[in-house]
Amino acid sequence: MALLCLIAVLGGPYLTDIATEAMIYTVMAVGISIFMANSGIVSFGHVTFALVGAYASAWQTCCAGMRGVFMPGLPQFLLDSKTPVLLAALVASLLASVVALVSGAAIMRLTGAAASIALLSLLFIVKTIYENWDSVTAGQSSLVGLPLYVDMWTAFGFASAAIVIAQVYNASSFGLLLRATREDEAAARASGVNIWRQRLIAFVISAFVTGAGGVLYGHYLGTLAVNVFWLDMTFVTLAMVVVGGMRSLTGAVVGAFAVTGLRQTLLALERGVDLGGVSISLPSGAQEIALAVILLLILTFRPQGLVGDNEMTWFGGARDSS
Amino acid sequence: MSELNTEAISVQFQGLRALDSVDLSLKEGEILGLLGPNGAGKTTLVNVISGFQRPTEGTVRVDGKSVGGLTPDALARCGVARTFQSVRLFRRLSVLENVEISALCHAKSRNEARSTARRALEFVGLGPVARRLAGELPYADERRVGIARALALRPRFLLLDEPAAGMTDSECRDLVEIVRQLPQSFGCAVLLIEHNIGLVMEVCNRLHVLNGGRTLADGPVETVRNNPDVIAAYLGGA
Amino acid sequence: ADDEVLIGAPTSFSGWMAAFDTSPTRAAEIAVDDINAKGGLLGKKVRLVHIDTKTDPAETSKAAQALVRQGAKMIMTACDFDSGAPAALVAQAASVIAISSCGADMKYGNMTIGNDVFTMATDAEATGRTIADWGAKKKGWKTAYVLTDTFIEYDKSLCRGFLSRWKELNGDQSIVLEDSFKNADVSVASQISRYKDLGKPADAMIICSVPPGLASAIRQFRSAGVEIPILEGTGGDGSAWHSAVPGLSNFYYLNYSADAGVTEPRPDAEAFFKAYEKKYNERPGSGQGITGYSVVQAWAKAVERAGSFDTDKVRGEMEKFTDEPLLAGLTTFTPKLHTNVNRPMLIISVMDSKPVPLGYYDIRKGDFVTWW
Amino acid sequence: MNIVQLLVDAASLGSQYALVALGIGLVFGVMRMINFAHGDLIMIGAYALVVPTAADLAAPLIGAWPFPLLIAGILCVVTLVALATERFAFRALRKRGADGSTLLISSFAVSYLIQSLVLFIHTGRPKSVSIFGALTQQVTIHGVRVGLVDIVTIIVTILLLLGLSLYLRRSRAGIEIRAAAEDFTMARMLGVRADRAIALAFGLSGILAAAVSLLYVAKTGVLDFRMGVPLAIAGFVGTVIGGMGSLPGAVLGGFSLGAASMLLQALLPAELRPARDAFVYGLVIVVLLFRPQGLFVTGNAGERI
Amino acid sequence: MLLSVDSLQVRYGKAPAIHELSLCVSAGEIVCLVGPNGAGKSTCMLAIAGVVEPAHGDIQFEGRSIRGLPPETIARAGISLVPEGRRIFGRLTVRENLVVASGAQGGVGQAKAQFDRVLALFPVLQERYNGYAGQLSGGEQQQLAIARALICKPKLLLVDEPSLGLAPLFADRVFQTLRSLREDGTTLLVVEQSARRALALADRTYLLRSGRLILDGPSNVLAADPEFEHAYFGGARRP
Ligand SMILES: Nc1ncnc2c1ncn2[C@@H]1O[C@H](COP(=O)(O)OP(=O)(O)OP(=O)(O)O)[C@@H](O)[C@H]1O
Ligand SMILES: Nc1ncnc2c1ncn2[C@@H]1O[C@H](COP(=O)(O)OP(=O)(O)OP(=O)(O)O)[C@@H](O)[C@H]1O
Ligand SMILES: [Mg+2]
Ligand SMILES: [Mg+2]
């Protein structure tokens, strides 16, 4: 990944942007993957945590003098707070974890499709609340003026941290116990595994990382709108996890880069490229069609994802599997 | 002296009485054979004891204390371990990990769990395949992993549901050795469900026979074996 | 090149925003053509660079950055605050003038992002006030039923403006019922019942929404026998959705100019439509497209008056606009307000599916006006 | 407010969701596949009514045909698209042993593809078309207004539910579909042409989607390339809370979801109405917590231990 | 020769599960495959049924090669497999499980006689006729799996461990049934773990180990063969 960053630096600002974006998505995909890869539950709800994280960071850092105008309902200490951005990111991610803890305490009792739908419901609920809680979220309209501190290296730092967290979790006994529940719930229970507890632990950790992804997203764009954290983002991040390999952390990272890269390549094609003086450009809207077709092809030929169940080791402490 | 009892356990599935007032006791150090024709309710009884099935009536007691409300995982931590008739391995995890998971239940560290798991695997003779994926094993080996997994829980009561299914005669003989050693080596009582009568006769101290959800006979091996009801309902000419 | 001045349009030609951004962007192209045909701006040719932002905020931000790096002197932002804000932020940070085409959110106009950001739109609340003023004064309607689509910020503001003006004119009791729905709601049966439970029809109702929700709601209200006049802001724009309500009648909305199928009273606007039709083989689907023309037009006027492309000077000139006759209508900016709150708007009535323009209504005069 | 009217209003959304949930319940409940593209089949069916053009004003195409032809035409189009998605997107995946989540993501991709294609051809501007004008009428019975289209929707849903249930339970082809969905290879080992069985199921889901297209458009009159997504979500939620694997459960679940949403819309105080969905989905979670297997499932077809 | 398998090789990934296996079954015979755990017996059955693709070798049925044919074609040609692990359709009722199998016969009507027969043979299936198959006990499921294969009325019936999980009384009954099937002209290839039962059932027996053929011959000969004793029971369970 560092290598990709270097290439991006050499490749000029355009590539830097793409690398930054890919790494922001990496943080989110890794966050989702911590839960999904180990529990086997497809989460339609993780974008909730990106939403919570992004807004929580905005509450602490947004909009310079305009904070009271956008979010008059904030408590005084937040209106006055001058939290440093990184501390704010940490606090925001922790808030996402708290939301996960509270909601997960109930939802993690569920399994399979019921859990997926409950997670989707969580997203609906939180989104609807944020959309209508005008006094602290500006409702449906955007917040603008988040400090723009996310450049490629910040994103790289966050992505690395996310990967380390995921690695440590995966290698821990918690990760192993959760994978057992993924393979066979009844047998896991017979082996003394408290499924609810293991899921909840992973859920809280993954919410923390996904929340950090949301924070990055907000501070990369400088604006926040609730409806960005919705189905499109859910699909994109899920697609990254699955295209990479849904049971593997490496898969999440590869998926984030592959999907972002693919999308940007097609976008560049659509905007036109010069090939030996001949300018080729695809018609508007062709990018989306091509992206869908290529994703389908990848899935068809590699249904287990690009890396399958394999795990590459970066930082040691690799997963002990086969 | 620890003991596991079921008291008047009944289980009703819509219109079907799978268990009807079954009293069974399993005492420290013994190997109890649970026999009965197909559909007699043996697996259902194991499900009840291990917390997977809530009985319609009756209680399960461990050392005299009711464990009725406990979940399967809590029971497992209290020393009631089981294997499954349909094996149910964690197929995409390695054999070692399969066993390590239950070892983690009592282990203080990851390393301790791993060495407990290794010992359990050696005990059932699967040391050499510890690193393979559980889903790739042949059928009979899967059953042995299941036993190792239950053993790694350091159980006081071990419920084995047809451990010998799919094993050849010689493998059965190895299994006899393994099961025989359990009470001494692991200090646990064993409840053994098995249709391989030879094996049952060799290892069990006592037999409990179910038929149609009711207790048909309960007592020392020789008495039960010669019980005409048991012969008619279950053993046939065998 | 040195003889060229660059302006940028990071707007969407795909994704759902394409429906709102396409015609303003094309209109801007025509404005550029017009300027270049007259010899350019301060002796330079104007070039518009469009980057498709795919209805994606991240793409919007990146596109704006690319345009700023290429040296764009003005950035035209999307017809919606949420979509356009990332670009406006980038422009503001680089001290480049950013003008939205038809983004009618007050946040485009009240220095939320900064003082280099303008919008050609008429503010949503002001639009609501205008239609209320017209209905109360010209039609003499006294009571109104207000139905808000809570899914879109614009619609909430529109109804807010309507409510305040209506109450000013007819008193607090004149609003017989306020209710809400969401654009994607399949059924508005309970809203219909709540209205019908009043027992007495209101003189008029306003539905602050946009298609498809708007069309679906009107279809269901009309099916249920609710025949009272229905008012709408610019959301009623474009006749494409009329076929959802066979024989649509008694429907009134307002707009910047005539949309397809409506005769435009203003000759300069009509000339623009002709040019547009010539270049793109169709009339702009929406009456809001014309704001895109005025984005370039306004900026070019200010540049000419300032005699410079310098951001501060251009901004200064734009802030002096008072009823400036642009294609988008009479336009006024002040150093405090970069959006329009008093602009006359074209009121259009639909009877038997046939839209007829009633004229430009000026809320300041309480009457129709002509300025051309 | 009239209680009966309230319930009838609730049924007007409930009936639409019930019909969607029937289609989703078939693919999801019977085949254990979350086919997100089902919503887009509905969307395709709606767009097939009008001439494909980038122009804003859409002229009716199939929508202008006489009544029986119109229905047949839409059924054909949607069924063909459904079959095509099965053939080109899902079949190879199933052959390679992809698991549920991979199929889910590929259905996202299909959904995205269909939407992009429609967007490409029709542009994103919402279009509209009026079909079955007669159905838009309302009848008043004892002072209670009932939309004809709602009555028709309920009747169609019940008929399709009965037909489909009988087909899946009684006919061999139906049983083969369920067998192939559960264990593809085993079904083949018993001589079942499993590919055909699965394709047949997709064909059926296409017919159900087409029914929604027609009734949905008859009710609302509008086309939007994103219209399928909320419908698909409502269908899934309905299926899951109703009870997976049970078609009547799915239909009742869909109906309950729609009715609950409408009742909340009618009964919540005005300030809370915009946050209606938070309440609806809060209820969904509560229902799932208390009845994870679904509201309307009595027998338990699940695997035992 | 009804079935002949010629130097068959099957791999899972890179590791071969069967090397160069040749065997044949003539019409009307009962042939058993025996061998220790992991010998490749189940793999061989799956290869014949067309579920796993052989890497090498040929499989001929009634003189035509069936290698590479899809499983449903092979099933319709008259080969039916009771697989290891039963694989009944748990979400279908007992009746529906049987109906699925009747497809190769042309439907329930055509298979009427088979239905009556298997229901008489396994009374519990009659009792639970409209119950979900997934809720049957292990042994009941095994009975259903066998019943399902019988419905197909195959020319060649492949059974992987028929007695798995069956109570002794029923195991005896199943073996009797298998014998009686031969009377009706069905040919059988059976994998059986218990050497005693296998030798009693089969005309000929093949002994496999580690994917290779070790011994084969008529059952009565093998039964007396000390080498069989040694090859099967002798040697450590695992290297
Ligand atoms: N969840 C359930 N729903 C309905 N019936 C059930 C359920 N679980 C078990 N049964 C029935 O209860 C009876 C007892 O089943 P059980 O599995 O306990 O038998 P078993 O003695 O273990 O038989 P086997 O030796 O074949 O494994 C069977 O007839 C079975 O079909
Ligand atoms: N899906 C698989 N992936 C990888 N290896 C496999 C797979 N299935 C079987 N094997 C391997 O192939 C070899 C033969 O297995 P097979 O199941 O055919 O043996 P078997 O003779 O039927 O044994 P058993 O008596 O236990 O049923 C074994 O070494 C096994 O580990
Ligand atoms: Mg059993
Ligand atoms: Mg085998």
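Below, chains carry the letters A, B, ... as their sequence lines are ordered, and counting in each starts from 1.
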Report task. Return the option, out of A:Leu238, A:Leu295, A:Val126, with the maximum number of heavy-atom pairs under 4.5 Å with chain D. Result -> A:Leu238

Query raised in the report: Using the ring of each side chain (for Trp, its six-membered ring), is A:Phe124 parallel, tilted or perpendicular to D:Tyr281, with breaks at 30° and 60°?
Result: parallel

Which heavy-atom pair separates [X] from [Y] by the least distance, and what is that distance?
| X | Y | answer |
| --- | --- | --- |
| D:Tyr112 | A:Ala292 | CD2-CB, 3.9 Å |
| A:Gln304 | D:Ala98 | NE2-CA, 4.4 Å |
| A:Ser121 | D:Val284 | OG-CG1, 3.4 Å |
| D:Pro274 | A:Asn132 | CB-OD1, 3.1 Å |
| A:Ala114 | D:Val240 | CA-CG1, 3.9 Å |

Spacing of [X] atom [atom1] and [Y] atom [atom2] [to the nearest 0.5 Å]:
| X | Y | atom1 | atom2 | answer |
| --- | --- | --- | --- | --- |
| A:Leu299 | D:Ser107 | CG | OG | 10.0 Å |
| A:Met36 | D:Ser101 | CE | OG | 5.5 Å |
| D:Leu113 | A:Leu296 | CG | CG | 6.5 Å |
| A:Leu297 | D:Phe88 | CG | CZ | 12.0 Å |
| A:Met246 | D:Leu104 | CE | CG | 9.5 Å |
| A:Thr111 | D:Gln293 | OG1 | CD | 12.0 Å |

Taking side chain as everything from C-beta outward and backbone as N, CA, C, O, which of these in [X] sits under 4.5 Å from a heavy atom of chain A? Side chain, backbone, both or neither.
| X | answer |
| --- | --- |
| D:Val280 | neither |
| D:Phe36 | side chain |
| D:Leu117 | both |
| D:Phe236 | both |
| D:Phe28 | side chain |
| D:Ile233 | side chain |

Report summary line: Heaviest contributor of heavy-atom pairs below 4.5 Å to chain A, chosen from D:Pro292, D:Ala275, D:Ala92, D:Gly282, is D:Ala275

Using non-hydrogen atoms only, which part of [X] is less than 4.5 Å away from chain D: side chain, backbone, both, or neither?
| X | answer |
| --- | --- |
| A:Leu231 | side chain |
| A:Leu110 | side chain |
| A:Leu119 | neither |
| A:Ala186 | side chain |
| A:Phe44 | side chain |

Query raised in the report: Heavy-atom distance under 4.5 Å between the side chains of D:Ile285 and A:Ile117, does that happen here?
Result: no

Query raised in the report: Distance-only, no hydrogens or angles: does the A:Thr128 side chain make a donor-acceptor pair with backbone N or O of D:Asp277 under 3.5 Å?
Result: no

Query raised in the report: Under 3.5 Å, is there a donor-acceptor pair between the side chain of D:Arg96 and the main chain of A:Thr300?
Result: yes

Query raised in the report: Ion pair present between A:Arg247 and D:Asp99, side-chain N to carboxylate O less than 4.0 angstrom?
Result: yes

